[in-house]
Novice: 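Before I ask anything, let me first share the structure, which is written out below as structure tokens.
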Amino acid sequence: MVAEAEKLITEMDERGLEIDEFTQSALTRMYIDAGMLEESWSWFWRFHLAGHMSSECYSANIDAYGERGFILEAERVFVSCQEEKKCTVLEFNVMIKAYGVVKDYAKAQKIFDSMKSNGVVPDKCSYSSLIQILTGADMPAMALAYLKKMQSAGLVSDCIPYSVVISSFSKLGHLEMADKLYREMVKHGVQPDIIVYGVLINAFADAGSVKEAINYVNAMKRDGLSGNTVIYNSLIKLYTKVGYLKEAHEAYKMLEQTDDGPAIYSSNCMIDLYSERSMVKEAEEIFESLKKKGEANEFTFAMMLCMYKKIGRIQEAICVARQMKEQGLLSDLLSFNNMISLYAMDGRFKEAVSIFQEMMKAAVQPDECTYKSLGVVLLKCGVSKQAVSKLEVTAKKDAQSGLQAWVSVLSSVVGMNVNEEDF
DNA sequence: CTAGGGTTAG
């Protein structure tokens, strides 16, 4: 509402009311957001020339530009502040943030490194910002160098900066570095919290390292921390990956005792484990309770469908497929493929083709599996093996024209209605 | 209006 704001400013001028630095910062932000960069700049300049700007006001203006990626303007405010010799740690910190916004990691480091020669001591925020920026750019080794300096400067008061770097190493799969850093953190007397344990447990869970993950769970408990849903989800993921049913079930029971109960994700992991072992009753029990709670999602249904299909209970598989479609839980390539394959093997060719049409409507690109199932349909309808192989080759060569070739054959053989809009 | 961490599969 620029016009309204300007009206107020005029009124203030007329009444001789002073526009203070807070109003000025607000105006800078307003004009930047309105795309009126020149106006924003003239308000800044007016106050800069008046000479009574505070450090807070310079940094507010730098941040106003920097946050939105106007790095040149942010730099110009910073330089005018330097010319007034008023730069404090605040201006440097917002500049570090600004370089982070435009992903100029080298300049973020450079301005941090220049603080000392400008007689400004980096504070907790300077280090945290830079570490955050570097890890966000997947440069944990760089971040670690600054974390070490931060530690030596006595500025680490909680485990968050460690947690950020540990998380970054973990994401890149450098688990030995993550573990080493955890140990260094403890050695420095920094207390780990539930989140950093969550990062580590999840990292080793993804790697399928049971022993290491359990070591962290034990360390966590020794520190007087109890597991939460995030921790148990990671553990269930791990046990699902390595196929430890009993342990997964134990973690699942722990989740059931929490206030919000097991997340859909963990319940699906359990269904995954049960269906792998064809433990139908157990899988069904979770499936029914999820449906009752209205939490069952595409994964849930797809895994149940696969389980029934695998053990030859085709009627039940088809029942699940129909529920999936009715509830609009059909969006993923794998779901489409499972369903088409189910209908194809049961001789329900029209239904198989109709799911294929749904797939095109949803703009999901078919893959080899899709065409394998559709090939079965064609073969059972009397199309020759050579013709089917030829279609498969066409699809591999060029997805778009291949798709059209399949549609044209399927429509003439199975009688699907070709809808041009589906392309 | 100087900064900040974790879980999502078939």
Side-chain angles (χ1 to χ4, degrees), chain A residues 21-22 24-26 28-30 32 55-67 74 88-98 100-101 108 112 122-136 143 147 150 155-168 170-171 178 192-203 205-206 216 227-238 240-241 251 255 262-273 275-276 283 297-307 309-310 332-339:
Chain A
E21 58 182 43
F22 298 103
Q24 182 272 318
S25 305
T28 308
R29 278 180 195 270
M30 176 188 75
I32 296 173
S55 183
E56 284 79 10
C57 196
Y58 278 111
S59 58
N61 280 278
I62 293 171
D63 196 49
Y65 288 113
E67 235 179 20
T88 69
V89 69
L90 276 172
E91 284 77 9
F92 280 93
N93 289 354
V94 285
M95 277 311 294
I96 294 170
K97 173 179 165 185
V101 168
F112 179 99
D123 65 4
K124 238 177 105 165
C125 187
S126 325
Y127 282 101
S128 289
S129 302
L130 186 60
I131 290 169
Q132 187 70 32
I133 287 166
L134 294 173
T135 54
L147 175 58
M150 185 183 186
L155 290 170
V156 176
S157 55
D158 57 41
C159 71
I160 293 178
Y162 278 97
S163 168
V164 173
V165 182
I166 288 174
S167 165
S168 180
S170 302
K171 257 179 216 147
D193 66 7
I194 193 68
I195 293 184
V196 75
Y197 278 119
V199 170
L200 287 159
I201 291 167
N202 189 61
D206 277 335
Y216 281 116
N228 60 19
T229 54
V230 174
I231 304 280
Y232 289 120
N233 279 340
S234 291
L235 286 176
I236 289 178
K237 175 172 69 178
L238 169 61
T240 304
K241 193 191 283 274
L255 276 175
I264 176 68
Y265 169 73
S266 307
S267 300
N268 286 345
C269 283
M270 292 309 295
I271 292 181
D272 187 11
L273 276 169
S275 78
E276 230 171 65
N297 63 15
E298 186 165 347
F299 287 99
T300 322
F301 281 97
M303 283 188 292
M304 293 302 290
L305 185 155
C306 281
M307 182 184 72
K309 192 172 128 200
K310 187 181 73 180
D332 195 87
L333 172 64
L334 236 94
S335 307
F336 281 112
N337 284 352
N338 286 330
M339 217 179 269

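Each chain gets a letter, A, B and so on, in the order its sequence line appears, and its residues count up from 1. As a basis for the values below, the full set of heavy atoms in this structure was taken, side chains included, without hydrogen atoms, waters or symmetry mates. In this text, all values refer to a predicted model and were calculated from it rather than measured experimentally.
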Novice: Which nucleotide in the list B:dT2, B:dG5, B:dT7 gets nearest to the side chain of A:Val94?
Specialist: B:dT2
Novice: Between A:Thr28 and A:Gln24, does any side-chain donor sit less than 3.5 Å from a side-chain acceptor?
Specialist: yes
Novice: Between A:Tyr127 and A:Phe112, does the ring centre distance come in under 6.0 Å?
Specialist: yes
Novice: Using a 5.5 Å cut-off between ring centres and planes within 30 degrees, is A:Phe299 stacked on the base of B:dA9?
Specialist: yes
Novice: Are A:Lys97 and B:dA3 close enough that a side-chain N or O sits under 4.0 Å from OP1 or OP2?
Specialist: yes
Novice: Counting side-chain heavy atoms from C-beta on, which of B:dG10, B:dG4, B:dT2 comes nearest to A:Asp332?
Specialist: B:dG10
Novice: Check whether the side chains of A:Asn233 and A:Asn202 place a donor and an acceptor atom closer than 3.5 Å, and report yes or no.
Specialist: no
Novice: Given atom CG of A:Leu155 and atom P of B:dT2, what is their separation to the nearest angstrom?
Specialist: 19 Å
Novice: Does one side chain, of A:Thr240 or A:Asp272, offer a donor that lies under 3.5 Å from an acceptor on the other?
Specialist: no
Novice: Rounded to whole Å, how long is the line connecting atom CG of A:Leu255 with atom P of B:dT7?
Specialist: 16 Å
Novice: Looking at the base of B:dA3, is there any donor atom on it, or on the side chain of A:Ser129, that sits under 3.5 Å from an acceptor on the other one?
Specialist: no
Novice: Which part of the nucleic acid, if any, lies within reach of A:Cys125 when heavy atoms closer than 4.0 Å are counted: base, sugar-phosphate only, or nothing?
Specialist: base
Novice: Suppose you measure atom P in B:dC1 against the same atom in B:dG5; what distance do you get, rounded to whole Å?
Specialist: 15 Å
Novice: Considering only side-chain heavy atoms of A:Ala302, which listed nucleotide, B:dC1, B:dG10, B:dG5, is closest?
Specialist: B:dG10
Novice: Of the options B:dG4, B:dG10, B:dG6, whose atoms approach the side-chain atoms of A:Asn338 most closely?
Specialist: B:dG10
Novice: Identify the residue among A:Asp123, A:Asp63, A:Leu130 that makes a side chain to side chain contact (heavy atoms under 4.5 Å, CB included) with A:Asn93.
Specialist: A:Asp123
Novice: What does A:Asp193 touch in the nucleic acid at a heavy-atom separation under 4.0 angstrom: a base, only the sugar-phosphate, or nothing?
Specialist: base
Novice: Rounded off to whole Å, could you give me the CD-to-P distance for the A:Glu67 and B:dG4 pair?
Specialist: 10 Å
Novice: Can you measure A:Leu90 atom CG to B:dC1 atom P for me and round it to whole angstrom units?
Specialist: 14 Å
Novice: Kindly point out which of B:dT7, B:dG4, B:dC1 is positioned nearest to the side chain of A:Val230?
Specialist: B:dT7
Novice: What nucleic acid atoms does A:Ser266 come within less than 4.0 Å of, heavy atoms only: base, sugar-phosphate, or nothing?
Specialist: nothing
Novice: For A:Gln132 and A:Thr135, does a side-chain donor sit closer than 3.5 Å to a side-chain acceptor?
Specialist: no
Novice: Using a 4.0 Å heavy-atom cut-off across all strands, classify A:Asn337 as base, sugar-phosphate, or nothing.
Specialist: nothing
Novice: For B:dT8, take OP1 and OP2 only and decide whether either is under 4.0 Å from a side-chain N or O of A:Lys237.
Specialist: yes
Novice: What interatomic distance, in whole Å, is found between P of B:dG6 and the corresponding atom of B:dT2?
Specialist: 22 Å
Novice: Between B:dG10 and A:Ser275, counting only base atoms on the nucleotide and side-chain atoms on the residue, is there a donor-acceptor pair under 3.5 Å?
Specialist: no
Novice: To the nearest Å, give me how far apart CG (A:Asn202) and P (B:dG6) are.
Specialist: 11 Å
Novice: Tell me, with the steps shown, if A:Lys124 and A:Ser157 meet side chain to side chain donor-acceptor pair (under 3.5 Å).
Specialist: CA-CA 9 Å; A:Lys124 238 177 105 165; A:Ser157 55; 2.8 Å; yes
Novice: Using atom OH of A:Tyr265 as one end and atom C1' of B:dT8 as the other, report the distance to the nearest whole Å.
Specialist: 6 Å
Novice: Grab the CD1-C1' distance between A:Ile264 and B:dT8 for me, whole Å please.
Specialist: 10 Å
Novice: Taking N and O atoms by type only, does the side chain of A:Asn268 place a donor or acceptor under 3.5 Å from a partner on the base of B:dA9?
Specialist: yes
Novice: What's A:Ile194 touching, base or sugar-phosphate or nothing? Going by heavy atoms closer than 4.0 Å.
Specialist: base
Novice: Starting the side chain at C-beta, find the nucleotide from B:dT2, B:dA3, B:dG10 nearest to A:Ser128.
Specialist: B:dA3
Novice: Nearest whole angstrom, please: distance from the P of B:dC1 to the CD of A:Gln24.
Specialist: 16 Å
Novice: Have a look at A:Val199 and say if it touches a base, only the backbone sugar-phosphate, or nothing, with a 4.0 Å heavy-atom cut-off.
Specialist: sugar-phosphate
